[in-house]
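Keep in mind that this is a model prediction, so the values were computed, not measured. All values below come from the heavy atoms of this structure, side chains included, with hydrogens, waters and symmetry mates left out. Just so it is clear: chains get the letters A, B, ... in the order the sequence lines come, proteins before strands, and each one is counted from 1.
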There are 2 protein chains.
Amino acid sequence: MSAPLENIARIKVRSLAALIEAEVERMIMGGEIAPGDRVNENQLAVRFGTSRGPIREALRSLEAGGLVELKPNRGVFVRSISLQEACDIYAVRAALFGLAGRLCAKRLISGQVAELEVLVRDMEQAAAAKDFDSYYPLNLKLHDFIMEHSGNPVLASHYRDLVKMLHLFRARSLVQGGGLAISNSEHREMVDAISSKDGERAHRAHFAHVMRARERLTHSQEIQSDIKTKKVS
Amino acid sequence: MSAPLENIARIKVRSLAALIEAEVERMIMGGEIAPGDRVNENQLAVRFGTSRGPIREALRSLEAGGLVELKPNRGVFVRSISLQEACDIYAVRAALFGLAGRLCAKRLISGQVAELEVLVRDMEQAAAAKDFDSYYPLNLKLHDFIMEHSGNPVLASHYRDLVKMLHLFRARSLVQGGGLAISNSEHREMVDAISSKDGERAHRAHFAHVMRARERLTHSQEIQSDIKTKKVS
DNA sequence: GAAGTGCAGATTGTCGACAATTGACAATCA
DNA sequence: TGATTGTCAATTGTCGACAATCTGCACTTC
């Protein structure tokens with residue numbers, strides 16, 4: 001009985017570098033450090049009350065994960081994601097989400113499908129009430145549910161990384177875009193496909209859902225571009 | 001004219017940590033440090049003639065990239081990939097390769113398709129001669145060509161990471177498995193699909209190709225398992 | 001006024017030292 | 001003899017100091 005307690009104690013011990021990494025990531029994801037900003041080692045060391053060593057270690061991890069980029073002798077900068085890169089990310093995300101849909105169609109049992117049905121229904125109500133604040137967390141929940149229940153941790157991990165990268169892009173985007181009703185009819189098709197246990201159909205529905213989000217992104221950026229042009233002239 | 005030169009000089013400057021990271025990755029990929037082995041900071045510091053600081057930084061990068069895992073106060077170990085994880089990786093790889101096929105079908109021009117045709121023909125010859133030493137590099141070349149010409153650097157990067165992970169698994173696998181002729185008929189279908197400019201067909205062909213490699217892997221592991229059982233009894 | 005040069009301060013990169021943790025081995029106890 | 005405890009060496013985690021690099025500003029020259 002003591003072995004589980006020892007393992008738990010071990011899991012809880014984390015180095016300063018790991019703690020700092022998590023905190024800096026939070027600061028970046030939350031917008032406190034914006035894309036393009038430099039991450040100053042000395043300031044972080046003062047802020048966290050540590051030496052620069054663990055700071056540097058944490059930043060190397062964040063760099064390998066793609067959140068920041070290191071320019072030798074000049075510092076570490078939060079990465080900026082261009083529209084092109086965001087589109088590329090969406091395409092990869094669509095492929096992974098499509099696979100998740102395929103896998104869920106093959107492995108979800110009826111109780112789990114029922115959970116998805118509930119989510120879609122709740123989202124339909126939120127959409128009808130034009131209640132974006134309720135809709136958005138449900139949307140996240142649906143996506144997370146599908147990824148976690150795909151049964152493939154490698155898939156879920158890669159997908160999470162991509163979503164994280166997209167946060168760097170969204171930090172600059174003021175237009176949220178996309179109609180709730182359209183998006184939720186796509187969710188309905190996704191869940192129906194999973195329920196039908198047809199892997200191909202589920203793959204198509206999930207892939208298409210993310211690709212349409214990609215198109216909406218491209219479209220909204222074009223609108224923004226047009227608006228800017230008109231203001232100048 | 002001097003600005004481009006300065007930029008090139010900047011690109012070339014790399015920290016000790018970056019150099020060490022690349023070297024340790026080479027040692028892992030080449031099998032010099034095997035899955036499960038501990039990576040000793042002091043030994044590396046002696047070997048590279050540096051202090052432990054940059055070693056630690058390099059190892060944090062490698063950890064974030066998934067090649068090694070850090071156990072606080074106990075050291076850094078090269079990761080072992082289980083059969084289950086290898087299967088998961090293959091599935092994700094199939095999804096990404098399928099997307100690459102789809103994108104290539106839409107964007108490759110005839111000269112590029114012709115290059116693929118040459119590769120497939122050369123592989124057919126190597127397969128007919130049962131010349132695995134010639135076949136394997138051509139196989140790599142075909143896969144790399146498709147990924148690089150997908151036009152999506154995010155996709156290519158994720159794919160490369162997955163292939164890198166699979167090296168950790170292969171370092172333990174003695175059976176290479178799979179018939180050359182079968183594999184190359186799949187390559188033929190892939191290239192034909194790209195040539196036909198049918199994205200859906202190309203996606204199916206590329207996805208199926210990697211999924212069959214996944215099946216061959218599972219099958220060969222089952223055979224190994226059977227052999228071991230028979231030896232014991 | 002524009003261009004070039006030099007310098008100082010800020011910051012990054014690396015080093016070696018000290019502190020903390022772990023695992024292996026030896027000694028002790030029941 | 002097996003279980004428990006203590007010790008020590010190896011290794012990891014962190015610190016602060018020194019060296020190197022870069023940028024911005026002031027001064028000089030044309």
Not counting sequence neighbours, which residues clear salt bridge (Lys or Arg N to Asp or Glu O under 4.0 Å) with [X]? List them please.
{"X": "B:R102", "value": "B:E200"}
{"X": "A:E25", "value": "A:K164"}
{"X": "A:R107", "value": "none"}

**Report entry** Contact state string [nucleotides 9-20 of chain C, B base, S sugar-phosphate only, - no protein heavy atom under 4.0 Å]
**Finding:** --SBBBB-B---
Listing, residues 42-51 of chain B side-chain donor-acceptor contacts under 3.5 Å, not counting sequence neighbours, or none:
unit_1 : atom_1 : unit_2 : atom_2 : d
B:R47  : NH1    : B:E32  : OE2    : 3.0
B:R47  : NH2    : B:E32  : OE2    : 3.1
B:S51  : OG     : B:G53  : N      : 3.4

Report summary line: Taken in chain and number order and not counting sequence neighbours, the residues that satisfy side-chain hydrogen bond (donor to acceptor under 3.5 Å, both in side chains) with B:E23 are B:R26
